[in-house]
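Down below is the structure, laid out as structure tokens.
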2 protein chains.
Amino acid sequence: MKLSSRSRYGFRAILELAIDYGKGPLQIKTIAEREDISNKYLEQLISLLKSSGLVRSVRGPHGGYELTRPPAEVKLDDIFMTLEGPPISVECLEHPEHCPRCMDCVTRQVWAKMQSAMMGVLESLTLQDLVDKAKQGDSSDHYQI
Amino acid sequence: MKLSSRSRYGFRAILELAIDYGKGPLQIKTIAEREDISNKYLEQLISLLKSSGLVRSVRGPHGGYELTRPPAEVKLDDIFMTLEGPPISVECLEHPEHCPRCMDCVTRQVWAKMQSAMMGVLESLTLQDLVDKAKQGDSSDHYQI
DNA sequence: CTAATTTCCTACTGCTTCAGTAGTCTAACC
DNA sequence: GGTTAGACTACTGAAGCAGTAGGAAATTAG
């Protein structure tokens with residue numbers, strides 16, 4: 001159950017968009033530099049976010065990407081589902097009719113519990129929460145000598 | 001984040017061992033038949049469980065496998081870690097020194113939360129819990145007309 | 001109109017992991 | 001000593017990951 005770098009990079013990228021929300025579009029190469037991600041690869045990841053409607057693009061000079069909604073209205077589960085799909089994806093969770101013993105399958109209940117535990121975390125957080133935490137971390141740096 | 005069939009099969013197999021705990025060793029082919037898993041593949045999965053100490057083997061005729069401890073003493077996180085490794089494995093969670101920005105990385109905190117949410121579920125359950133649920137499911141079948 | 005800038009789209013590639021399959025070897029029991 | 005189990009190693013097709021590459025299309029500035 002390794003987390004893909006698609007998710008890791010994707011989250012960091014959209015967090016940059018959240019931090020700069022309201023300041024106009026942010027370009028791929030800017031994000032790529034800040035987060036030290038390959039330009040071309042990041043392009044694909046952001047296009048995922050775009051096709052799911054979380055992000056909007058502006059083409060041409062001074063173009064780039066920006067969030068379609070304010071960070072406070074973007075829950076992390078939307079992002080995760082876009083980049084990674086359902087956490088703990090199992091055939092019998094998504095298509096119960098597929099497995100004949102599904103109804104009384106005990107292990108299935110375990111997967112379901114794990115899945116809802118993860119979703120609980122993701123649903124309880126918004127991009128704004130992350131932005132706040134990030135800024136909080138920044139300001140603590142100012143106290144350094 | 002798809003759950004591997006290694007975990008799915010492995011859990012179902014060790015659950016069979018838990019159900020028959022105390023009745024002597026259970027053979028690969030028996031488990032394979034009951035759970036409809038390839039004989040040879042199951043062999044490998046059980047050897048994983050064996051090498052982590054959860055399961056013991058008896059060779060020769062009337063041999064097979066059995067749990068080393070009673071089901072009530074086997075927490076699900078032991079099994080999961082053996083079969084699948086840490087849930088949401090990320091380099092920066094296991095080796096924080098690897099990433100320079102780890103200390104104030106906000107996304108890292110999200111992965112950590114998700115991981116502990118999943119571990120919480122797995123640590124709160126034992127094989128005995130699954131056995132009880134499975135038997136409960138069985139007895140409810142008896143009420144069918 | 002044109003050139004520059006930026007996103008958009010598709011294809012390709014090396015690598016690793018998954019999900020098995022196959023075959024032989026070793027231990028235990030009768 | 002033969003049968004019945006597990007033990008161990010190697011191999012394989014398929015899929016997904018993590019990029020790389022290259023050009024097309026849109027937008028803006030001059």
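In what follows, chains are A, B, ... by sequence order, proteins preceding strands, each numbered from 1.
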Q.
If I take atom CG from residue A:Leu93 and atom NE2 from residue A:His95, how far apart are they, to the nearest 0.5 angstrom?
A. 10.5 Å

Q: Take the protein atom OH of B:Tyr65 and the nucleotide atom P of C:dA28, then report the distance between them rounded to whole Å.
A: 14 Å

Q) Atom CG of A:Asn39 to atom C1' of D:dG19: distance rounded to whole Å? A) 13 Å

Q) Under the salt bridge (charged side-chain N to carboxylate O under 4.0 Å, His left out) criterion, do B:Glu35 and B:Arg12 qualify, and how do the steps go? A) CA-CA 7 Å; B:Glu35 295 290 341; B:Arg12 276 157 56 192; 2.8 Å; yes

Q. What about A:Arg59, does its side chain sit under 3.5 Å from the base of D:dT28 through a donor-acceptor pair?
A. no

Q.
Let's see if you can work this out: which of D:dC17, C:dC29, C:dC18 has an atom nearest to the side-chain heavy atoms of B:Pro61?
A. C:dC29

**Q.** Carboxylate-amine/guanidinium contact B:Glu123 B:Lys75, below 4.0 Å
**A.** no

(Q) At less than 4.0 Å, is any side-chain N or O atom of A:Ser5 found next to OP1 or OP2 of D:dG19? Yes or no. (A) yes

Distances under 3.5 Å between protein N/O atoms and the N/O atoms of nucleotides 8-13 of chain D, please, pair by pair.
| residue | atom | partner | partner atom | Å |
| --- | --- | --- | --- | --- |
| D:dC8 | N4 | B:Glu43 | OE2 | 2.8 |

Q: Give the rounded distance in Å between these two atoms: CD of B:Gln27 and C1' of C:dA27.
A: 15 Å

Q: Heavy atoms only: give me the nearest B:Asp78-B:Thr82 pair and the separation to one decimal.
A: O-OG1, 2.8 Å

Q) Relative to the 5' end of DNA chain C, which residue comes earlier, B:Glu84 or B:Val58, by the nucleotide with the nearest heavy atom? A) B:Glu84

Q. Any side-chain N or O of A:Tyr9 under 4.0 Å from OP1/OP2 of D:dA18?
A. no

Q | NZ/B:Lys133: more than 12 non-hydrogen atoms of other groups inside 6.0 Å | A | yes

Q: Estimate the overall bend of the helix from C:dC1-D:dG30 to C:dC30-D:dG1 from the end axes over five pairs each, rounded to 10 degrees.
A: 10°

Q. Between the side chains of B:Asp132 and B:Gln128, does any donor sit under 3.5 Å from an acceptor?
A. yes

Q: Specify the separation, in whole Å, of atom CD1 of B:Ile37 and atom P of C:dC18.
A: 17 Å

Q: Give the rounded distance in Å between these two atoms: CG of B:Leu45 and C1' of C:dG20.
A: 10 Å

Q.
Measure CD1/A:Ile28 against C1'/C:dC9 and give the value in whole Å, please.
A. 13 Å

Q: Starting at atom CD of A:Glu66, determine the distance to atom C1' of C:dT6, rounded to an integer number of angstrom.
A: 14 Å

(Q) Among D:dT20, C:dT21, C:dT26, which nucleotide has an atom closest to any side-chain atom of B:Tyr41? (A) C:dT21

Q | Derivation and outcome, side-chain contact (heavy atoms from CB on, under 4.5 Å), residues B:Val106 and A:Leu15 | A | CA-CA 9 Å; B:Val106 184; A:Leu15 179 57; 4.2 Å; yes

Q | Closest-nucleotide 5' rank along DNA chain C - winner of A:Met1 and A:His62 | A | A:His62

Q | Interatomic distance, A:Leu48 CG vs D:dA18 C1' [rounded to whole Å] | A | 13 Å

